[in-house]
Structure formats: structure tokens, C-alpha cells
Peer 1: 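Here it is: the structure, laid out below.
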There are 2 protein chains.
Amino acid sequence: MLSLSKKTDYALLVLTTLAQKPKDYVSLRELAIKKNLPYRFLAQVARALVHDGLIISREGSGGGYRLNRPARKISVSDVVTAIEGGVALASCLSHSETECALAVNCPLKKGMPSIQRMVLKTLTKKTVADLLAAK
Amino acid sequence: MLSLSKKTDYALLVLTTLAQKPKDYVSLRELAIKKNLPYRFLAQVARALVHDGLIISREGSGGGYRLNRPARKISVSDVVTAIEGGVALASCLSHSETECALAVNCPLKKGMPSIQRMVLKTLTKKTVADLLAAK
DNA sequence: TTAACTCGTACTATATCAGTACGAGTTTAC
DNA sequence: GTAAACTCGTACTGATATAGTACGAGTTAA
Ligand code: SF4
Ligand code: SF4
């Protein structure tokens with residue numbers, strides 16, 4: 001089943017939650033308890049989002065996380081990239097990994113990038129704000 | 001990394017190959033040898049495609065596989081469905097699985113279907129014929 | 001100084017993926 | 001009629017990815 005990872009799902013959940021209080025620093029532990037989610041796991045997710053500059057953290061008492069830019073400027077693609085490291089529908093489309101051995105004379109190779117682009121475009125168009133607006 | 005499984009990649013490879021000789025029954029073993037791919041594994045993939053009616057098999061000597069309908073009528077979405085069982089960007093979008101415990105009061109739940117639809121639309125629009133045409 | 005936070009890495013259990021093993025059944029050619 | 005060239009189907013296995021847990025260090029406010 002083609003799907004987003006649970007981490008990515010959680011990430012979107014965190015982001016939409018933060019988007020509802022854009023100015024406040026929200027405690028992750030509090031969120032974890034309220035939603036009954038594993039805090040340590042969420043923390044990993046949140047840190048990845050910080051690392052990619054999607055959210056900002058403030059340490060110490062009274063700290064927490066808040067969005068680093070407006071929700072409408074955070075695309076699903078940004079989130080997938082932060083958490084999963086990007087989109088590569090075929091392994092020959094991945095920058096990091098070693099290229100597929102079949103690349104030479106592969107009847108797909110030429111056509112795949114177009115699909116990849118279209119999917120990526122979809123994920124780039126959809127923002128956290130859109131997710132909330134659909135409420 | 002968001003990606004299609006290797007099985008799906010192989011499936012597309014098989015389909016584009018068959019699309020090049022739409023009338024002939026192509027031996028899978030021959031293809032496997034030519035492309036240096038694991039035959040048994042490919043056979044699993046091919047059978048799944050037969051099962052979903054994307055290709056037709058003929059047993060016995062001189063047999064093999066051929067497309068069951070024109071390449072432009074076989075979408076990437078069809079292939080993903082045949083091999084991976086579908087697309088469910090979030091687990092609450094899956095028909096078969098048990099629904100997510102967070103579904104009640106989840107700020108994402110309302111917005112996810114729209115993304116799912118858009119991705120699905122992309123995958124439905126792209127056909128095996130398109131993949132070949134990009135050659 | 002302690003309580004409420006985040007940061008960072010290492011570990012573990014489980015599920016999925018990728019592939020192999022094995023044998024049965026079907027059709028054509030000789 | 002039998003051998004060769006195919007597909008069919010399930011069961012198993014090894015590797016990798018996912019979904020967490022464990023543990024402790026560092027930071028800030030009251
Ligand atoms: S080269 Fe062909 S087979 Fe290899 S990953 Fe790209 S598309 Fe798939
Ligand atoms: S309900 Fe919310 S959290 Fe659960 S799967 Fe759907 S989107 Fe993700």
C-alpha cells in the first residue's frame with residue numbers, strides 16, 4: 001500500500017495543531033498526553049521538523065514549539081522531505097542512492113520523472129493551511 | 001523516502017516491455033535473463049498483474065504474457081493497486097485496515113482525502129503508454 | 001534548585017520488502 | 001508419449017524499514 005509513514009502523519013498532526021496557535025509555544029508532552037501519543041516518538045518527529053526549519057523550538061520551562069512560518073507556506077512536500085527524506089518513486093530518481101543497474105536501456109527511465117514531478121507538484125501545492133481549512 | 005516498491009517498478013517494467021509487442025506472448029524467463037532480474041520474483045509480479053486483469057497469460061511452451069488491453073488504458077494507479085493493494089496516504093483513508101484511533105477530533109482527517117484524491121488522479125492519468133511515449 | 005521543557009543517540013521489536021525454494025500443472029514440438 | 005518450455009501457487013528466508021522505547025544531558029523560568 002502506497003502510504004505516508006506514521007511519522008509523517010504525526011508530523012502533519014503536530015503542524016496543524018501548532019497552526020491553530022501560531023504565536024504560542026506549545027508543549028509537546030501536553031499534546032502527546034492529550035492525543036494519547038507516544039511522547040518520545042513525537043519528540044523525534046518534532047526535532048526533524050526543527051532541523052528542517054519548519055518549526056522553532058524554545059527549550060526550558062514554558063517552552064515548546066511553534067511554526068517558523070505561516071501554515072500556508074508549509075507544504076506537505078516540505079513535511080515529507082523533512083521526515084522521510086524526499087520523494088523518489090523509482091530508485092533511479094533518488095539523488096543519494098546508487099543508481100539502478102537497469103538504468104541502461106530501461107523503458108521506464110525516461111517516463112518516470114514526469115510522474116514524479118506531478119506527484120511532487122501535488123504535495124507542494126497542498127499546505128498545512130489547506131489541511132486545516134478543509135475542517 | 002516516499003517511493004513505489006520494487007515490485008511495482010518491476011511491474012511497470014514488464015508492462016512497458018509487453019506494450020512493445022502487444023500481440024505476442026512474451027516469455028517472462030527470457031525477459032528475466034535479458035534484464036538480469038530474478039525470474040521467480042518477476043513471476044510473482046506477473047501473476048498479480050494477471051490476477052487483476054492487466055495482462056493475460058498463456059501457459060505451456062510458446063506461452064508467456066501479453067497485455068489484456070491497450071497500454072493507454074493501463075494506468076500507473078492500476079499497477080499500484082494490483083501490486084501494493086492501493087493508495088492510502090493516511091491510515092484513516094484505507095478501506096481494509098482498522099481506523100486510526102485519533103480519527104475523532106483529528107485536525108487532519110478532513111483535509112487528507114483531498115490530497116489522496118489529487119495523488120490518485122495523477123497516478124490514474126499516467127498510463128503505461130505515456131511511460132513509453134516519453135522515450 | 002527544581003520543575004518543565006527540548007535535544008540526541010542507541011537500542012529493540014515488529015512489519016514489510018525482496019527474493020528463494022519447491023513442486024504442480026499446461027501446452028507445443030518432436 | 002515424452003521432453004522442453006512455459007505459467008501457477010504457496011511457503012519459506014534474509015534484509016531492511018518502521019514504530020517505537022530507554023536513557024540521560026542540556027536549557028530556561030519560577
Ligand atoms: S532505471 Fe528503470 S528499473 Fe531502474 S529504477 Fe529507474 S525505472 Fe525502475
Ligand atoms: S485520523 Fe488523523 S491521525 Fe489518524 S490517520 Fe487519519 S489523519 Fe492520520
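Letters go in sequence order (proteins before strands), and every chain restarts at 1. All heavy atoms count here, side chains included; hydrogens, waters and symmetry mates do not.
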Peer 1: Which residues pass the side chain to side chain contact (heavy atoms under 4.5 Å, CB included) test with B:S57, sequence neighbours left out?
Peer 2: B:V50, B:Y65
Peer 1: Does any pair with a residue in residues 3-14 of chain B pass salt bridge (Lys or Arg N to Asp or Glu O under 4.0 Å), and if so which ones, sequence neighbours excluded?
Peer 2: none
Peer 1: Just to verify, what does A:A19 make a side chain to side chain contact (heavy atoms under 4.5 Å, CB included) with, not counting sequence neighbours?
Peer 2: A:L67, A:A71, A:V128, A:L132
Peer 1: Could you name each residue pair satisfying ring pair (Phe, Tyr, Trp, His ring centres under 6.0 Å) that touches residues 29-50 of chain A, not counting sequence neighbours?
Peer 2: A:Y10-A:F41
Peer 1: Tell me, please, which residues at least two apart from A:Y25 pass side chain to side chain donor-acceptor pair (under 3.5 Å).
Peer 2: A:R66
Peer 1: Could you list the donor-acceptor pairs under 3.5 angstrom formed between side-chain atoms of residues 72-81 of chain B and any protein atom two or more places apart in sequence or on another chain?
Peer 2:
residue : atom : partner : partner atom : Å
B:S75   : OG   : B:S77   : N            : 3.4
B:S75   : OG   : B:D78   : N            : 3.0
B:S75   : OG   : B:D78   : OD1          : 3.4
B:S75   : OG   : B:D78   : OD2          : 3.2
B:D78   : OD2  : B:R69   : NH2          : 3.1
B:D78   : OD2  : B:S75   : N            : 3.0
B:T81   : OG1  : B:S77   : O            : 2.9

Peer 1: State which residues pass side chain to side chain donor-acceptor pair (under 3.5 Å) with B:D130; sequence neighbours excluded, sorted by chain then number.
Peer 2: B:T127
Peer 1: Considering heavy-atom distances to DNA chain D, does A:K6 or A:R40 have its closest nucleotide positioned more toward the 5' end?
Peer 2: A:K6
Peer 1: NA contact type, A:Y25, heavy-atom cut-off 4.0 Å: base, sugar-phosphate, or nothing?
Peer 2: nothing
Peer 1: B:T16: which residues meet the side chain to side chain donor-acceptor pair (under 3.5 Å) condition with it, sequence neighbours left out?
Peer 2: none
Peer 1: For DNA chain D, which residues of residues 16-24 of chain A approach it to below 4.0 angstrom with any heavy atom?
Peer 2: none
Peer 1: Return a table of donor-acceptor pairs under 3.5 angstrom between the side chains of residues 101-123 of chain B and protein atoms on other chains or two or more places apart.
Peer 2:
residue : atom : partner : partner atom : Å
B:S114  : OG   : A:K126  : NZ           : 2.6
B:Q116  : OE1  : B:L89   : N            : 3.0
B:Q116  : NE2  : B:V87   : O            : 2.8
B:T122  : OG1  : B:M118  : O            : 3.1

Peer 1: Under 6.0 Å from the CD atom of B:E30, do we count more than 12 heavy atoms belonging to anything else shown?
Peer 2: no
Peer 1: For nucleotides 11-14 of chain D, give me every protein contact, N/O to N/O, under 3.5 Å, one pair per line with atom names.
Peer 2:
residue : atom : partner : partner atom : Å
D:dA11  : N6   : B:Q44   : NE2          : 3.3

Peer 1: Is there a residue in residues 52-59 of chain A whose heavy atoms reach under 4.0 Å of DNA chain C, and which residues are they?
Peer 2: A:S57, A:R58, A:E59
